[in-house]
Structures are given as C-alpha cells and as structure tokens.
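The block underneath contains the structure these notes are about, expressed in structure tokens.
Values below: all heavy atoms of this structure, side chains included; hydrogens, waters and symmetry mates excluded. Everything numeric in this text was worked out from a predicted model, so none of it was measured.
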Amino acid sequence: MQKETKSLDIDSLLRIFAYNMIYQIFSSLPLMVCMVMVIQLTLTYRRRTDKAIRWLLRWAIATLLLYGGHFFYFNHYTNLLPFSDTIYVTANLLVYPLFLLYISAITDRTPLSRKKSFLWSAFLPPTIAGIVVGSLYVTMDSSESRAFIINYLYYDHETSLTGLALLQAWAHIICHITFAIQVVVVIIKGFRRIRRFNKTLQQLYADTENKEIEEIPTILILFIITSLVSTVVNVIGRQIFVDSVIISLPSLAFSALIFALSWVGMQQNFTIQDIPEEQEKETHNDESITAAPSEHSIQIYEKLERMMNEQQTYLKHDLLLNDVAKLLGTNRTYLLLALSSCAHMTFKEYINSKRIAHAEQLIAQNPLTPKTEIATLSGYNSMSSFYRNFAIYHS
C-alpha cells in the first residue's frame with residue numbers, strides 16, 4: 001500500500017513538473033522569438049540603412065519590451081511588476097504606430113515620420129500612459145500596489161479597489177480603449193498605403209517581383225489577425241492565461257505572427273523612393289477604368305496591340321512602362337490612359353496576360369517542354385512569378 005502511494009506521489013510530481021515546464025516554455029516563447037528577430041533585424045540594418053528597416057527594428061524592440069512585460073506578469077514576478085507593467089503599457093501603445101511608420105517608409109513619398117501631427121498622435125499616448133502608470137506605481141504604498149496587482153492585474157476585480165489603486169485600474173482601462181482605437185486606425189491607413197503602393201508598381205513595371213509588396217494578402221492578413229488577437233486578449237484580459245496551459249494558444253499565435261511580420265519585412269527591399277517621382281505622379285492621374293476611351297486612347301491601344309502581336313515586346317525581361325511608351329512614340333500618361341480605358345488593366349496585368357497566352361501556345365505546341373524553359377521563353381525571370389500569374393489567368 002505504501003509503495004502504491006509513493007508511486008502515485010511520484011506520478012503527481014512528474015505531472016506537475018511537466019505542466020510547469022510547458023507553462024514556462026510557452027510563457028517565454030514570444031519573448032524568445034522577439035529577441036531572435038531583434039538580433040536578425042539589427043544585423044540586417046547594418047547591411048541596409050534604409051529608413052524602412054530602421055522603423056521595423058524599432059517596432060521589433062517595442063514588441064520585445066511588450067513581451068518582456070508579459071513574461072514577468074505570467075511568471076509572477078510581482079516585485080518587478082510596477083516597473084515591468086509600466087514598460088508593458090507603454091510598449092503596447094507603441095507597437096502599432098511604429099508598424100504604420102514602417103509601412104509608410106515603404107509606401108509614402110513623404111513618410112509619416114516627417115509629419116509632426118502624426119508623430120504627436122503616435123508617441124504622445126504611450127508617453128502619457130507610461131508617465132501616468134509609472135507615477136501611480138511610485139505614489140502608491142506597498143499595500144495599494146499589491147491590492148492593484150492582485151485584484152486587477154491577476155483577477156480583474158477593480159470593484160474592490162479604492163484610492164490610487166482604483167485610479168491605476170482606470171488608467172489601464174483607458175489604455176485598453178486607446179489600443180483598440182489604434183488598431184482600427186492602423187489597419188485602415190496601412191491597408192490603403194499598401195494597396196496604393198502596389199497599384200503604382202503595377203502601372204509602371206511588368207515584373208514587380210522583389211519590388212511590389214507581393215505578400216500583400218499575407219502581410220495584411222497577418223496584420224489583421226495580429227490586431228484582432230491583440231484586441232481580444234486586451235478585452236478578455238490576460239488573467240485567464242495565468243498558470244494555465246491554454247497560454248500555449250496565444251503564445252504560438254503571437255510567436256508565429258511576430259516572426260512572419262518580421263521576416264516579410266526583411267525581404268522588402270524596394271520602396272517608393274526607388275521610383276522616379278515624376279513617374280509615380282503620372283500613375284495617380286489615370287482615368288477611371290469605367291470611363292469611355294477617347295479617340296486618342298483607342299489609337300494608342302491599337303498601335304500597342306499591333307506592336308505586341310508583331311514584335312512580341314512583352315517577351316523582354318524587366319519590361320518597363322517607359323520602354324513601351326518610347327517604342328510607341330507616346331508618353332507614360334497617355335499609355336496608362338489607353339490601358340486603363342481600353343483594356344481595363346494595369347500595365348503589369350496587360351503584359352502578363354500576353355506572356356501567359358504565349359506560354360499556353362508553347363505548351364500546346366510541345367507539352368514536353370520543361371516549365372522552366374516555358375517561363376524563360378515567355379519573359380519571366382522566375383518560376384514563382386510564372387506560376388503565380390499562370391494561376392491568376394486560369395482561376
């Protein structure tokens with residue numbers, strides 16, 4: 001009987017040990033991922049000193065501080081919580097504005113970092129939040145601080161709080177509301193900028209690989225998912241994840257999202273600054289694709305079609321709108337108007353439709369020709385670009 005009891009005790013201890021190990025791993029996983037990404041981005045920044053990577057690095061550092069606060073909270077470092085919670089509150093209100101500044105550095109000719117009004121709206125809330133929360137922690141005595149940490153941070157029971165502890169709870173609630181507003185604003189502004197940037201590239205380049213934010217569906221979905229998860233966690237509170245293995249769910253989600261956003265950002269080398277300013281302006285002046293084409297646009301489009309059919313200009317690698325405009329004896333603006341009103345396509349869409357049609361002819365003539373050869377003969381620089389466009393025109 002004693003041996004059986006001893007065996008059960010050992011089994012219980014092993015289960016508790018395994019449970020604690022799992023909890024420790026997942027409570028620290030996002031922090032570890034953030035550390036790795038900060039190191040990687042720092043090394044990338046030493047090779048590339050463009051402003052976009054600089055803002056992405058700052059975003060990663062803010063994220064590291066945010067999950068550092070999470071780590072101290074979930075592992076019950078209550079003596080350090082007044083300091084770590086102040087850092088957490090500040091970093092939580094910094095990460096989304098910093099990510100928008102990163103997107104703006106890629107997509108805006110005059111980035112948001114040069115606009116004082118935006119910088120005030122981006123950095124004033126986290127600064128005020130950090131000062132208010134930190135000052136309240138300093139002002140509260142040990143009993144008030146402990147009451148706030150236990151009742152609000154761990155059990156979400158602000159009704160039992162009084163005095164400075166209650167003010168601290170209100171300050172945290174206001175920070176949660178501010179965070180939710182930030183999420184909505186950043187999603188809308190970020191989405192618009194990425195769409196505009198990609199549309200500009202599609203008007204100017206036939207090959208946008210390594211230029212366009214090609215992962216636009218990915219980066220936007222990741223961004224929106226991260227925002228929604230962050231908002232939900234802020235609303236329901238971190239309390240439900242304390243001392244529970246369900247912490248693995250947000251831990252894995254946030255770790256994967258942080259890694260993905262950082263990785264996608266590191267791959268983006270091309271920014272709006274790499275496009276000549278006069279060319280970018282012309283892409284913003286094209287007519288609506290629903291507008292009736294003028295006689296002049298029809299003439300240019302017919303001339304374009306003849307040239308493409310007779311000379312197969314679309315087979316040229318890295319073809320630019322400017323190249324085609326010169327061959328036609330017109331300018332970029334008139335060519336964009338012709339494509340928009342007559343073909344209802346961007347320059348990229350038009351050239352790729354020609355290339356895919358050419359590829360289909362090659363496949364029909366010799367089905368055994370390797371796809372790599374088909375792609376090269378059709379004007380593509382890479383198989384990924386070929387397959388992506390082939391899928392688009394066969395969807």
Closest non-hydrogen contact found for L93 with C175 is CD2-O, 3.6 Å
Legend entry - Donor-acceptor under 3.5 Å (N92 side chain, Y88 main chain): no
Using atom types as modelled, flag every donor-acceptor pair under 3.5 Å from a side chain in residues 130-141 to any protein atom, sequence neighbours excluded.
| unit_1 | atom_1 | unit_2 | atom_2 | d |
| --- | --- | --- | --- | --- |
| S135 | OG | I131 | O | 2.6 |
| Y137 | OH | D85 | OD2 | 2.7 |
| T139 | OG1 | S135 | O | 2.7 |
| D141 | OD1 | S143 | N | 3.1 |
| D141 | OD1 | S143 | OG | 2.7 |
| D141 | OD1 | E144 | N | 2.8 |

ask   = Does one hydrophobic cluster hold both I177 and I187, with members joined at side-chain heavy-atom distances below 4.5 Å?
value = yes
Below 4.5 Å, heavy atoms only, C-beta onward: do V33 and M37 meet side chain to side chain?
yes
Check against side-chain contact (heavy atoms from CB on, under 4.5 Å), L201 and K348: CA-CA 8 Å; L201 293 176; K348 177 187 175 182; over 6 Å; no
Q. Is I298 reachable from L339 through a run of hydrophobic residues whose side-chain heavy atoms are each under 4.5 Å from the next?
A. no
Query raised in the report: Using the ring of each side chain (for Trp, its six-membered ring), is Y314 parallel, tilted or perpendicular to H358, with breaks at 30° and 60°?
Result: perpendicular
The reported gap from OG in S262 to OH in Y102 (rounded to nearest 0.5 angstrom) is 9.0 Å
Closest heavy-atom pair, I374 versus L362, reported as atoms and distance to 0.1 Å, is CD1-CB, 3.5 Å
Okay, side chain of S84, backbone of F72: is any donor-acceptor separation there less than 3.5 Å?
no
Check your understanding: Do H172 and F148 have ring centroids that are under 6.0 Å from one another?
Key -> yes
When rounded to the nearest 0.5 Å, the distance separating CG of L57 from CE of M266 is 10.5 Å
Kindly say whether A147 contributes a backbone atom to a donor-acceptor pair with the side chain of N151 at under 3.5 angstrom?
yes
Those residues at least two apart in sequence (or on a different chain) that pass side-chain hydrogen bond (donor to acceptor under 3.5 Å, both in side chains) with S28 are none
For residues 246-258, the side-chain hydrogen bond (donor to acceptor under 3.5 Å, both in side chains) pairs (sequence neighbours left out) are none
Does H70 form a ring-ring contact (aromatic ring centres under 6.0 Å, His included) with F254? I'd like the steps, not just the answer. CA-CA 12 Å; H70 274 304; F254 281 120; 7.4 Å; no
_Flag side-chain contact, heavy atom, 4.5 Å: L304 against L335_ = yes
Within a strict 4.5 Å, meaning less than it, do heavy atoms of the L81 and Y154 side chains meet? yes
Correct closest heavy-atom pair for L94 and A62 would be CB-CB, 4.3 Å
| message | Run Q168 and L164 through side-chain contact (heavy atoms from CB on, under 4.5 Å) and show every step you take. | response | CA-CA 6 Å; Q168 186 72 286; L164 293 176; over 6 Å; no
Review point. With the 4.5 Å side-chain cut-off for hydrophobic clustering, are F191 and I188 part of the same group?
Key: no
For A105 and W55, the nearest pair of non-hydrogen atoms, with its separation, is CB-CD1, 4.1 Å
message = For E349, is there an ion pair with K354 - N to carboxylate O distance below 4.0 angstrom?
response = no
For P97 and Q182 the tightest heavy-atom approach is CG-NE2, 3.5 Å
Practice task
Determine whether L41 and V38 make a side-chain contact, defined as any pair of heavy atoms from C-beta on separated by less than 4.5 Å.
Solution key: no
Output for pair (M32 CE, I258 CD1), nearest 0.5 Å, gives 11.5 Å
task = Take V324 and M307 through the side-chain contact (heavy atoms from CB on, under 4.5 Å) test and state the conclusion after the steps.
result = CA-CA 9 Å; V324 177; M307 184 181 74; 3.8 Å; yes
Smallest heavy-atom separation, T313 atom then L319 atom, equals O-CD2, 3.7 Å
So CG of L328 and CD of Q299: to nearest 0.5 Å the spacing works out to 12.5 Å
The complete set of ring-ring contact (aromatic ring centres under 6.0 Å, His included) pairs with one or both residues in residues 30-51, sequence neighbours excluded, reads none
In sequence, state the C-alpha distance, the side-chain angles, and the governing distance for S294 and S297, and then conclude on side-chain hydrogen bond (donor to acceptor under 3.5 Å, both in side chains).
CA-CA 5 Å; S294 66; S297 292; 3.2 Å; yes
Open item on the list: Evaluate F179 against Y96 for ring-ring contact (aromatic ring centres under 6.0 Å, His included), listing each step before the verdict.
Closed with: CA-CA 9 Å; F179 176 83; Y96 281 90; 5.4 Å; yes
Contacts of R193 meeting side-chain hydrogen bond (donor to acceptor under 3.5 Å, both in side chains) (sequence neighbours excluded), chain-then-number -> D108
Notebook entry, point to check: Considering only heavy atoms from C-beta outward, does the side chain of H76 approach that of V242 to under 4.5 Å?
Noted result: yes
By ring-ring contact (aromatic ring centres under 6.0 Å, His included), F26 pairs with (sequence neighbours left out) none
query: Counting distance only, does the side-chain N/O of S353 pair as donor-acceptor with the main-chain N or O of Y350 below 3.5 Å?
result: yes
Here the ring-ring contact (aromatic ring centres under 6.0 Å, His included) pairs for residues 110-129, sequence neighbours left out, are none
Value for CG (N20) from CD1 (I25), rounded to nearest 0.5 Å, stands at 11.0 Å
Between I39 and L66, is there shared hydrophobic-cluster membership here, with clusters defined by ILVMFWY side-chain heavy atoms closer than 4.5 Å? no
The side-chain hydrogen bond (donor to acceptor under 3.5 Å, both in side chains) partners of Y380 (sequence neighbours excluded) come to N352
For Y73, the side-chain hydrogen bond (donor to acceptor under 3.5 Å, both in side chains) test, sequence neighbours excluded, returns none
_Quick check against the 3.5 Å criterion: does T107 have a side-chain atom that pairs as donor or acceptor with the backbone of I103?_
yes
Would I181 end up clustered with I174 when hydrophobic side chains under 4.5 Å apart are linked, directly or stepwise?
no
Applying ring-ring contact (aromatic ring centres under 6.0 Å, His included) to F241 and not counting sequence neighbours gives none
dist L257:CG -> T63:OG1 (nearest 0.5 Å) comes out at 11.5 Å
message = Are the side chains of M308 and Q312 in contact, using a 4.5 Å heavy-atom criterion?
response = no
So side-chain hydrogen bond (donor to acceptor under 3.5 Å, both in side chains) across residues 361-376, not counting sequence neighbours, yields N366-T369
Practice problem: Answer yes or no: is there a side-chain heavy-atom contact under 4.5 Å between L161 and Y152? | Solution: yes
Contacts of W59 meeting ring-ring contact (aromatic ring centres under 6.0 Å, His included) (sequence neighbours excluded), chain-then-number -> F99
